[in-house]
Protein chains: 2
Amino acid sequence: MSKPSSNSKRVTIKDVAQAAGVSVTTVSNALNQRTEAMTQETLQRIQDAIQVLNYRPSSVARSLVTNQTATIGLIISEIETPLFLQALSVIEPAVRAADYSLIYCTARSLDDEQQAVNLLLEKRVDGIIFLSTSVYLDDDYLLDLLPTAPPIVIINRTISHLEFDQIHWDNSGGTISAIDYLVEQGHQCIAFMRGPDTRRSSEERLAGYRLGLQKHGLAYWDECVVTGDYETTAADWERATLALLAATPRPTAILASNDIVASVVLRTVQRAGLRIPADISIIGNDNQPFSIYSNPALTTVEAPVIESGRQAITMLLNRMANSNADVKRITLPCPLIIRESSGTI
Amino acid sequence: MSKPSSNSKRVTIKDVAQAAGVSVTTVSNALNQRTEAMTQETLQRIQDAIQVLNYRPSSVARSLVTNQTATIGLIISEIETPLFLQALSVIEPAVRAADYSLIYCTARSLDDEQQAVNLLLEKRVDGIIFLSTSVYLDDDYLLDLLPTAPPIVIINRTISHLEFDQIHWDNSGGTISAIDYLVEQGHQCIAFMRGPDTRRSSEERLAGYRLGLQKHGLAYWDECVVTGDYETTAADWERATLALLAATPRPTAILASNDIVASVVLRTVQRAGLRIPADISIIGNDNQPFSIYSNPALTTVEAPVIESGRQAITMLLNRMANSNADVKRITLPCPLIIRESSGTI
DNA sequence: TTGAAAGCGCTACCAT
DNA sequence: ATGGTAGCGCTTTCAA
């Protein structure tokens, strides 16, 4: 089967007009549902011509004149983990339902992010969503963007001095509710394990741990906070877990600052011969997709990625419709998802 | 802090030219690195003007004249699972490294897919990658696309009569190598559990199971193939697993047609008091990101999503550079990833 | 009810 | 070494 010759020029609105025996304007009107004052017959002729010629309007030409691209940019600054990618499963459908399309960028570094922003700006996207980790120190470059950039919504990154719509996560509150729950289940000695990350979210969870203990009048032991540094590997968390198990008194519950660490803790505890949750409760953080498949299924504090996506797209669409509205900042709860790895002591 | 007034018109190449005291042509030349025959001073003046005016060239205007958008479309037809999304982590960086950007679409149905294709065509993308499940029966509409569509690469969907570049997965071979391995470990009674899906890939794995048994002269028991229908839930797989455990002879190994099913099997087997892999080996399929976090870590046959992404973008770029090259079809192996859930009997 | 023509912001060709 | 200008494929007045 030979390839169809492709030296046929692209078909344009002009060709359609000619074929239908009408003017370009009329075709344009038909294309844009301005058909009130149009003969049924004219319309039909145009539709036929479009069909026959296999015509597809060029949105690049349209964009040039309308000054809109019907495109939204999304920059996700974490990719190693499927966690943030979940947002795509709600953002993309929402974007498309609103008759927009989505340019997707990842940002593995600040430099990468800035390059992505430039790209989106040159593409003249109508709006941008940032879904970020909080490792970057320098957000100032976003300041320069403000005058000329399209509407922006920022998820999970605090930019205090700028007027961006923002969505925050109540990381601290999530950890506190985990502690509330554990105390309710009779736990008194609750340890906290930090993962390898040095992000704000991690700090906030640690802060929540302290506040939670304090709230219930529980002693805070330094030795119950195991901190992994940036180089921490699974083997290190194993060692840390073992150290925790050897402590006196032995913690009856371990909070991990993310689900990956929790998985390692869970495995290590099981291999040490302890039962979960009979002997010890494990609670993760993030509600990663896999946390439901562990045995026992992991109790965890959810990072509201999906809900963030849902809200972000709504906020962005709103702002695109009304750029003068007041800047919005919302904080989403991090709900505790109780599954099987935790229980009464 | 009040918002900067945005009634200032967009700055264009004309403004830059004026500010720099040169012609638009010269600015355009500077923008496109045609600087050989250009005074250092002129170039500097232009760069200064760009800086001062905060000018960003419009890629929509550029696209209109060059007839290229520097954009690639990606349509992924499975989203419930983080599996396919992994491809993004290799495709997006590769796309951007080649100075393209990525429009990302999901397709939850054939209708959805066609809508996405239309969108991409109107956006005049320079190429399209399909990453598909194989549930769709009707691919014929892609035929009509061929004459006018940009280069296309298709992953994991067989379209025999068309001239698309395609990447296949050797699902059957993957299952066979799992059986090879199990036989080598002394297993003689190997069961197969199908998941809830009715896709070609699932069929191929089942076919591989039969071929593998045959290859080693092992008996094939119908009762060792547990088939879940579309309505199958975790509870059903549990029941099926229990049935398998009650069979005589009891299988010493269970192949699951995907990792989610494998997780349920694993859990059920453990709760039935059997040790993995001492009493029974479990092997999944897909190598989902979470499979490494189960306890024991899951041995699994990898669906080469990442490698597919890598190859797809290379193939696409190649075809975009040379549309007359022969159509390529490659088949990627599905390597067995040996972890902890399998071993000698 | 329909059409003519200007113009969106660039690039590319041809001059100078 | 630099500039003038046509034209990419549409939408949008304004006119008929």
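The chains referred to below are lettered A, B, ... by the order of the sequence lines, with proteins before strands, and numbering in each begins at 1.
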Note to self: If only side-chain N and O atoms count, and only distance matters, is there a donor-acceptor pair under 3.5 Å linking B:Ser308 with B:Trp169?
What the structure shows: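 Indeed, the side chains of B:Trp169 and B:Ser308 share at least one donor-acceptor pair under 3.5 Å.
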Practice problem: Considering only NZ, NE, NH1 and NH2 on the basic side and carboxylate oxygens on the acidic side, decide whether B:Glu113 and A:Arg96 come within less than 4.0 Å. | Solution: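 Judged by the 4.0 Å cut-off on N to carboxylate O distance, B:Glu113 and A:Arg96 do not form a salt bridge.
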(message) Salt bridge or not between B:Asp15 and B:Arg10? Use side-chain N to carboxylate O under 4.0 Å.
(response) no
Contact check, residues 43-53 of chain B vs DNA chain C, heavy-atom distance under 4.0 Å, returns none
So OG of A:Ser58 and CZ of B:Arg124: to nearest 0.5 Å the spacing works out to 4.5 Å
*Report the C-alpha distance between A:Glu307 and A:Gln311 in whole Å, list the side-chain angles of each, state the deciding distance to 0.1 Å, and finish with yes or no for side-chain hydrogen bond (donor to acceptor under 3.5 Å, both in side chains).*
CA-CA 6 Å; A:Glu307 182 59 18; A:Gln311 302 251 8; 2.9 Å; yes
Checklist entry - For B:Thr42, which contact category applies under a 4.0 Å heavy-atom criterion: base, sugar-phosphate, or nothing? => result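 Sugar-phosphate: the residue B:Thr42, judged by heavy atoms under 4.0 Å, touches backbone atoms but no base.
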Under 4.0 Å: is that the gap between some side-chain N or O of A:Thr39 and OP1 or OP2 of C:dT2? yes
Kindly say whether [Y] contributes a backbone atom to a donor-acceptor pair with the side chain of [X] at under 3.5 angstrom?
X        : Y       : result
A:Ser89  : A:Gln86 : yes
A:Ser63  : A:Gln68 : yes
A:Arg310 : A:Ala94 : no
A:Asp126 : A:Thr69 : yes

Terminal axes of the helix from C:dT1-D:dA16 to C:dT16-D:dA1 (5 end pairs apiece), angle rounded to 10 degrees, sit apart by 30°
Pairs of donor and acceptor atoms involving the side chains of residues 17-31 of chain B, under 3.5 Å and at least two apart or interchain, shall be tabulated with distances.
from	atom 1	to	atom 2	distance (Å)
B:Ser23	OG	B:Thr25	N	3.4
B:Ser23	OG	B:Thr26	N	3.2
B:Ser23	OG	B:Thr26	OG1	3.1
B:Asn29	OD1	B:Arg34	NE	2.9
B:Asn29	ND2	B:Thr25	O	3.4

Nucleotide by nucleotide, nucleotides 9-16 of chain C touches protein heavy atoms under 4.0 Å in the pattern (B base, S sugar-phosphate only, - none) BBSBB---
*In this structure, which one of B:Thr314, B:Asp165, B:Asn324 forms a side-chain hydrogen bond (donor to acceptor under 3.5 Å, both in side chains) with B:Arg319?*
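So, applying the side-chain hydrogen bond (donor to acceptor under 3.5 Å, both in side chains) to B:Arg319 and each of B:Thr314, B:Asp165, B:Asn324, only B:Asp165 qualifies.
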Checklist entry - What salt bridge (charged side-chain N to carboxylate O under 4.0 Å, His left out) pairs are there with at least one residue in residues 41-68 of chain B, not counting sequence neighbours? => result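 Every salt bridge (charged side-chain N to carboxylate O under 4.0 Å, His left out) pair that includes a residue of residues 41-68 of chain B, provided the two are not neighbours, is B:Glu41-B:Arg45.
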How would you give the extent of chain B contacts on DNA chain D, as first and last nucleotide 5' to 3' within a 4.0 Å heavy-atom cut-off?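 Range of nucleotides touched by chain B: D:dA1 to D:dG9.
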List the steps and the verdict of side-chain hydrogen bond (donor to acceptor under 3.5 Å, both in side chains) for A:Thr106 and B:Glu92.
CA-CA 7 Å; A:Thr106 62; B:Glu92 193 276 346; 2.5 Å; yes
